[in-house]
There are 2 protein chains.
Amino acid sequence: MGDTIQSVERAAAILRLLASGPRQLGVAELARALGLPKGTLHGILRTLVHVGFVEQDDTTGKYRLGATLLHLGSSYLDVNELRTRSINWADALAGRSRESAWIGTPHEGHVLVIHHVFRPDDSMQTLQVGTYLPLHASALGKVLLAYDPYGESITPPLQAHTKRTLTDPARLEAELAQVRARGWAAEMEELTEGEVAIAAPIRDARGLAVGAIGIRGAVERLAPGGDLHMEFVSYVRDAARAITRDLAR
Amino acid sequence: MGDTIQSVERAAAILRLLASGPRQLGVAELARALGLPKGTLHGILRTLVHVGFVEQDDTTGKYRLGATLLHLGSSYLDVNELRTRSINWADALAGRSRESAWIGTPHEGHVLVIHHVFRPDDSMQTLQVGTYLPLHASALGKVLLAYDPYGESITPPLQAHTKRTLTDPARLEAELAQVRARGWAAEMEELTEGEVAIAAPIRDARGLAVGAIGIRGAVERLAPGGDLHMEFVSYVRDAARAITRDLAR
DNA sequence: CGAATCGTTCGGTATTGCCGAACGCTGGCG
DNA sequence: CGCCAGCGTTCGGCAATACCGAACGATTCG
């Protein structure tokens, strides 16, 4: 772990800060947050504006993320092999289950959504590609936790999203053991009231869980009366196995 | 236009190169492309890997874009005010026209797609947010060109995407004059065979065209026999006017 | 109308990161 | 089977580089 280039790392820190909220930030705010002189930050910001990673508000002078980042981010999707290989299977999964299909990969203590197929015959859904889901309160996240070889990504306190969110580390660990035992995970209204999700692991050629695929939908369709319809579990596991097979080639 | 920080600018150049194609690039390739010593690039790359903007292939040692960029890019969508204010109107436009709705903004000689609503009751479409459309061969692009105050973004040669693409600058300029005269643009199979698009400008509080909104669909639905159904034009212009009004507040 | 805070400028300084040569390694060609 | 060309990586010396802090207008808020 040699040394890194100071200014590039600082530039990245600025971008992360700007991305952490929808608010625009000023030089002084950033200086306080990062503990750096205003002049230093201004130089980096000027460069970031020049390359299009950051834009400056004409009237207030405050800074926000730039459009170039949107294009770079979408380029990442083309590069990501897991996503490229999974797209067709995710489409098929959404078609068979008639629910929205999701693919996620672990990233910085969250599940990063790298693909999302809308539920067929239902409009007005917003795309979630690029957003984070919590590891402990999503089916995708439980799968990734359960099969994480380093197995210590769970850092309490666990945030409660609904009253059914698992916030007790011991109970979560027990559920992860169950996930490992049966090869899939469920999440019952633990992230959003009325929504249920199922997920299964995607493995690479070496057997490592590099991602997870699953579906998400209304509790009354996927688990009426609280009982998960096992046909949906089959759909998800089939898709996960198919992608795993695909990646092994 | 003072000076910028060398290493940050170089880091951005690396990211742009990595984003320019789905291929992974090695240190030597980047060194040749940028005309810099390998050692210098390695230092920057090490830093970019450290902050997650770049990932390194375990087996080949080559570099590709990192997942953090996907998250930063999607954060840009939250920050972008044009998009935030337009989402509801785009949904409504897609609903009324029963076609896919698009919002674009000018960026680096292209149209950057910042929002995309799928056609209702039709699945298996891939989301185009973050991708580029050509300025001269898309309805969104023609609108942006026509209302561009700097008016010199058209740089020949104009690439032909289909046999109906306008590649003659003079003919394009004539069409742009027509767009300015009537307030909306059409694109008839100039980008993809069998597809037609309509777009109208979105203006900010100062009257500047900051973006465009439009729809895109099969020629047999939008313009059977080559004649554009004017009701679709009304839908698009209504949506554009509504957003413009919204932005002025 | 003043005071506080904003984003920006600027020049001295020593810290920073650039450079080029050398390293071990891999893969392919003869 | 062994050579060579190319890869990604390491390293240390040098000086160019980018950091810093104080000062400057502009703007906002009380």
Side-chain angles (χ1 to χ4, degrees), chain A residues 1-66 79 81 205-206, chain B residues 1-66 79 81 205-206:
Chain A
M1 208 75 26
D3 32 312
T4 62
I5 293 175
Q6 197 181 49
S7 51
V8 174
E9 199 137 13
R10 287 173 174 179
I14 292 174
L15 292 177
R16 260 195 299 268
L17 236 77
L18 289 175
S20 67
R23 244 179 70 258
Q24 305 191 145
L25 299 177
V27 174
E29 277 175 289
L30 291 166
R32 255 177 275 117
L34 297 173
L36 292 172
K38 282 197 298 179
T40 304
L41 281 171
H42 181 73
I44 302 176
L45 282 168
R46 184 174 43 207
T47 310
L48 288 174
V49 168
H50 183 246
V51 298
F53 287 17
V54 161
E55 291 167 3
Q56 185 169 25
D57 193 294
D58 291 337
T59 63
T60 66
K62 290 184 185 296
Y63 294 92
R64 60 179 125 85
L65 293 182
V79 174
E81 198 191 344
R206 295 188 296 276
Chain B
M1 210 62 40
D3 30 310
T4 62
I5 293 175
Q6 199 181 45
S7 50
V8 173
E9 199 140 11
R10 287 175 173 177
I14 291 174
L15 292 177
R16 259 196 300 268
L17 255 130
L18 289 176
S20 66
R23 246 178 70 256
Q24 305 191 145
L25 299 177
V27 174
E29 277 175 289
L30 291 166
R32 254 178 277 118
L34 296 173
L36 293 172
K38 283 197 297 180
T40 304
L41 281 172
H42 181 73
I44 302 176
L45 281 168
R46 184 174 45 207
T47 310
L48 288 174
V49 169
H50 183 246
V51 297
F53 287 17
V54 159
E55 292 167 2
Q56 187 169 23
D57 192 295
D58 291 338
T59 64
T60 66
K62 289 183 184 297
Y63 293 92
R64 61 180 124 85
L65 293 182
V79 173
E81 198 191 345
R206 295 188 296 277

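Heavy atoms only: backbone and side chains are in, while hydrogens, waters and symmetry mates are out. Residue numbers begin at 1 in each chain, while the letters A, B, ... track the order of the sequences.
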Could you check B/T59 against B/Q6 and say which one's nearest nucleotide on DNA chain C is further toward the 5' end? B/Q6
Got a sec, which residues hit side-chain contact (heavy atoms from CB on, under 4.5 Å) with B/I5, two or more places apart in sequence or on another chain? A/S7, A/I44, A/T47, B/S7, B/V8
Expressed as a whole number of angstroms, how long is the span from A/L36:CG to D/dG21:P? 10 Å
Separation of C/dC19 P from B/L34 CG (nearest whole Å): 11 Å
What's the CD-P distance between B/E9 and D/dT17, to the nearest Å? 13 Å
Of all heavy-atom pairs linking B/Q24 and B/E29, the shortest is O-OE1, 4.0 Å
If you look at every strand shown and take non-hydrogen atoms under 4.0 Å, does A/T40 touch a base, only sugar-phosphate, or nothing? base
Within this structure, what is the NE2-to-P distance between A/H50 and D/dA18, rounded to whole angstrom? 14 Å
What distance separates B/L25 CG from B/I14 CD1, expressed to the nearest 0.5 Å? 10.0 Å
Between OG1 of A/T4 and NE2 of B/H50, what distance do you get to the nearest 0.5 Å? 6.0 Å
Step through the shown structure and confirm whether more than 12 heavy atoms of other residues, nucleotides or ligands are within 6.0 Å of CD on A/Q56. yes
Please report the distance, rounded to the nearest Å, between CG in A/L48 and P in C/dG7. 15 Å
How many angstroms lie between atom OH of B/Y63 and atom CG of B/L30, to the nearest 0.5 angstrom? 9.0 Å
Interatomic distance, B/I44 CD1 vs D/dA18 P [rounded to whole Å]: 10 Å
Do B/E55 side-chain atoms and B/R64 backbone N/O form a donor-acceptor pair below 3.5 Å? no
Using a cut-off of 4.0 Å between protein heavy atoms and nucleotide atoms, how would you tag nucleotides 4-11 of chain D 5' to 3' with B, S and -? ---SBBB-
Length of the CZ-C1' vector between B/R10 and C/dT16, whole Å: 13 Å
For atom P, what is the distance between D/dG12 and D/dA16, given to the nearest Å? 22 Å
For atom CG of A/L41 and atom C1' of C/dT8, their distance in whole Å: 13 Å
